There are 2 protein chains.
Amino acid sequence: MQVRLKNRKQQIVDLALELLQTRGFENFSYQDLARQLGITKASIHHHFPKKEDLGVALCQAIQDWHEREFSKSRAFAGSALEKLDRYVRGTLRYGGCEKKICPLSSLQADIASLPEAMRPALKRLDDHELEFVAELLQQGRDNGELSFPGDVRAQAVLVVLTCKAALQYSRVHGSEMFDEAMAQMKQLMVASQ
Amino acid sequence: MQVRLKNRKQQIVDLALELLQTRGFENFSYQDLARQLGITKASIHHHFPKKEDLGVALCQAIQDWHEREFSKSRAFAGSALEKLDRYVRGTLRYGGCEKKICPLSSLQADIASLPEAMRPALKRLDDHELEFVAELLQQGRDNGELSFPGDVRAQAVLVVLTCKAALQYSRVHGSEMFDEAMAQMKQLMVASQ
DNA sequence: ATACTAACCTACCTCAAGGTCAGTTAGCAA
DNA sequence: TTGCTAACTGACCTTGAGGTAGGTTAGTAT
């Protein structure tokens, strides 16, 4: 008995995003999606003719999500440190599941086999995220919460890299590693200079 | 005309390592190896019956390489900062090619689809590397070259994470990002406290 | 010269991937 | 009710993946 949904597209993207975070873009198939949604492979091809199309939709979904999260954070009345914490816990840690990494990291790892259309999108998303974190750090340094040497942008790179890699590592070594890394990074940004 | 080599096994491992760093374990095939070596797929199966066997051999090769590099570094008469630089440039940057990432990062990214036998090996390798970097940092802090707050181990985690993620990012954003991140990390470890 | 071993090949198998196509079926607007 | 559109299905295709079986050929030890 077939059930028609008008939000199937969204459903597919949501599931695909999860599989992207746990297995990587090249390591989940239309069959996987179809099975878990209880529909046919061909039905997914109806919504996303090529896998590349699904990939582009995934990038769009990530961007929407970034924009939502970032503007929520900007609206949030709190210190820069609190905002940074929210970024780390909420934006990067995702569902809290140990098995998921940042979708952008996942795409980066597969970059060599990725459809052409997804690469510029990936770069844009990375830059967008970096810009946001740089903004937070600038705020924090301006009002004295944070102190670190050098360029704000360079420090933002460091923070983002740490978050991403920490997620990857914690999948293998347990979540304590994530906490350890983030705590140390925070200490460096408060104690330095 | 077939040419027999007794070091074919090593040749295969070398090439596989390169493909691991550029494309990931699940994204290169026996066919790829065979083509580039000018032999048959079946011939590779002769040396490594299952891909899992090749994977285990890869882990072993990485370990051998670590041991070589680390003991070279320990023997090297220089400051801790110089040793750290050598680690960053030599041990992590590999062939200097922008397209290669750390093989351990690559394996981590594919962890969900990785053959069972490779996972404990991967964890061991990560730990081994962390231990080595912690040793360097301890030295540096002891003799006053470095100063950073908190636990040495935690700082080692931070350094390693930064290196790995910087390599991944620089594949998408260019090698300046790698340099930027490493410079900032160095600044933090010299300036802090 | 003989016999053994290991490197290698051709030819094949199975399976799952991405993808296509020609329908069927449900919902909705005129 | 008619007719259009969009969701969905089953049946199929091609390609390339990992893997196997059996044979050939080169090198080596006796």
Side-chain angles (χ1 to χ4, degrees), chain A residues 1-20 22-59 106-107 109-119, chain B residues 1-20 22-59 106-107 109-110 112-118:
Chain A
M1 189 57 192
Q2 73 185 65
V3 180
R4 262 145 228 258
L5 294 183
K6 66 270 147 279
N7 63 332
R8 211 8 78 84
K9 221 162 175 162
Q10 189 57 45
Q11 244 183 85
I12 295 172
V13 168
D14 287 346
L15 179 55
L17 193 59
E18 201 173 315
L19 291 180
L20 171 66
T22 50
R23 310 181 50 80
F25 189 72
E26 303 290 337
N27 287 305
F28 73 85
S29 65
Y30 272 32
Q31 198 62 260
D32 294 328
L33 293 170
R35 240 185 317 249
Q36 289 190 239
L37 291 175
I39 54 178
T40 324
K41 212 179 58 160
S43 175
I44 301 186
H45 277 286
H46 166 74
H47 293 284
F48 303 99
K50 317 256 159 167
K51 205 181 181 189
E52 178 169 0
D53 299 321
L54 176 57
V56 171
L58 280 174
C59 290
S106 181
L107 291 174
D110 275 356
I111 187 80
S113 348
L114 231 51
E116 213 57 54
M118 298 175 66
R119 293 183 208 195
Chain B
M1 189 59 193
Q2 72 185 64
V3 180
R4 261 144 229 257
L5 295 182
K6 66 273 150 276
N7 62 332
R8 207 18 69 90
K9 220 163 176 163
Q10 189 57 45
Q11 243 183 85
I12 295 171
V13 168
D14 287 344
L15 179 56
L17 193 59
E18 201 174 314
L19 291 179
L20 172 66
T22 49
R23 312 180 50 79
F25 189 73
E26 302 289 337
N27 286 306
F28 73 85
S29 65
Y30 271 33
Q31 198 63 261
D32 294 329
L33 293 170
R35 240 182 320 245
Q36 290 191 239
L37 292 175
I39 54 178
T40 325
K41 213 180 55 161
S43 177
I44 300 186
H45 276 287
H46 166 72
H47 294 283
F48 304 99
K50 317 255 161 167
K51 205 180 181 188
E52 177 168 1
D53 299 320
L54 176 56
V56 171
L58 279 173
C59 290
S106 181
L107 291 174
D110 275 357
S113 348
L114 232 49
E116 213 57 56
M118 299 175 65

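In what follows, every chain begins at residue 1, and chains take the letters A, B, ... in the order their sequences are listed. Everything numeric in this text was worked out from a predicted model, so none of it was measured.
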Check your understanding: Are the side chains of B:Tyr30 and B:Leu54 in touch, meaning some heavy atoms are under 4.5 Å apart?
Key -> yes
Check your understanding: Could you go step by step and tell me if B:Asp32 and B:Ser29 meet the side-chain hydrogen bond (donor to acceptor under 3.5 Å, both in side chains) rule?
Key -> CA-CA 5 Å; B:Asp32 294 329; B:Ser29 65; 3.2 Å; yes
Review point. Measuring from B:Asn27:CG to B:Thr22:OG1, what's the distance to the nearest 0.5 Å?
Key: 10.0 Å
Point to revise | Atom pair distance, as rounded to whole Å: CZ in A:Arg23 and P in C:dA17 | key: 10 Å
Point to revise | Distance in angstrom units between B:Phe28 CZ and D:dG16 P, rounded | key: 18 Å
Review point. Between D:dC8 and A:His46, is there an OP1 or OP2 to side-chain N/O distance shorter than 4.0 Å?
Key: no
Practice item. Could you tell me whether the side chain of A:Leu58 reaches within less than 4.5 Å of the side chain of A:Met118, counting heavy atoms only? Key: no
Point to revise | Distance in angstrom units between B:Gln31 CD and D:dA17 P, rounded | key: 6 Å
Exercise for review: May I have the distance from B:Asp53 (atom CG) to D:dG18 (atom C1'), rounded to whole angstrom?
Suggested key: 12 Å
Exercise for review: Please report, rounded to the nearest Å, how far the P atom of D:dG18 is from the CZ atom of B:Phe25.
Suggested key: 9 Å
Review point. Quick one: A:His47 NE2 to C:dG18 P, roughly how many Å, whole number?
Key: 17 Å
Exercise for review: Look only at the side chain of B:Asp53 and the backbone of B:Lys50, and say whether a donor-acceptor pair between them is shorter than 3.5 Å.
Suggested key: yes
Practice item. Report the distance from atom CD1 of A:Ile12 to atom C1' of D:dC8, rounded to the nearest whole Å. Key: 11 Å
Review point. Checking A:Lys9 side chain against A:Phe48 main chain: does a donor-acceptor pair fall under 3.5 Å?
Key: no
Point to revise | Exercise: do B:Gln10 and B:Asp14 side chains pair donor with acceptor under 3.5 Å | key: yes
Short N/O separations, protein against nucleotides 19-22 of chain D, under 3.5 angstrom:
from: D:dG19; atom 1: OP2; to: B:Lys51; atom 2: N; distance (Å): 2.8
from: D:dG19; atom 1: N7; to: B:His45; atom 2: NE2; distance (Å): 3.4
from: D:dG19; atom 1: O6; to: B:Lys41; atom 2: NZ; distance (Å): 3.0
from: D:dT20; atom 1: OP1; to: B:Lys50; atom 2: NZ; distance (Å): 3.0

Review point. How is B:Thr40 classified with respect to the nucleic acid when contacts are heavy atoms under 4.0 Å: base, sugar-phosphate, or nothing?
Key: base
Point to revise | A:Ile39 side chain, from C-beta outward: closest of D:dA7, D:dT9, D:dA17 | key: D:dT9
Exercise for review: Answer yes or no: does a side-chain N or O of A:Ser43 lie under 4.0 Å from OP1 or OP2 of D:dA7?
Suggested key: no
Check your understanding: Nearest nucleotide by nearest heavy atom, which residue falls closer to the 5' end of DNA chain D, A:Ile44 or B:Arg35?
Key -> A:Ile44
Practice item. Take the protein atom CG of A:Asn27 and the nucleotide atom P of C:dG18, then report the distance between them rounded to whole Å. Key: 10 Å
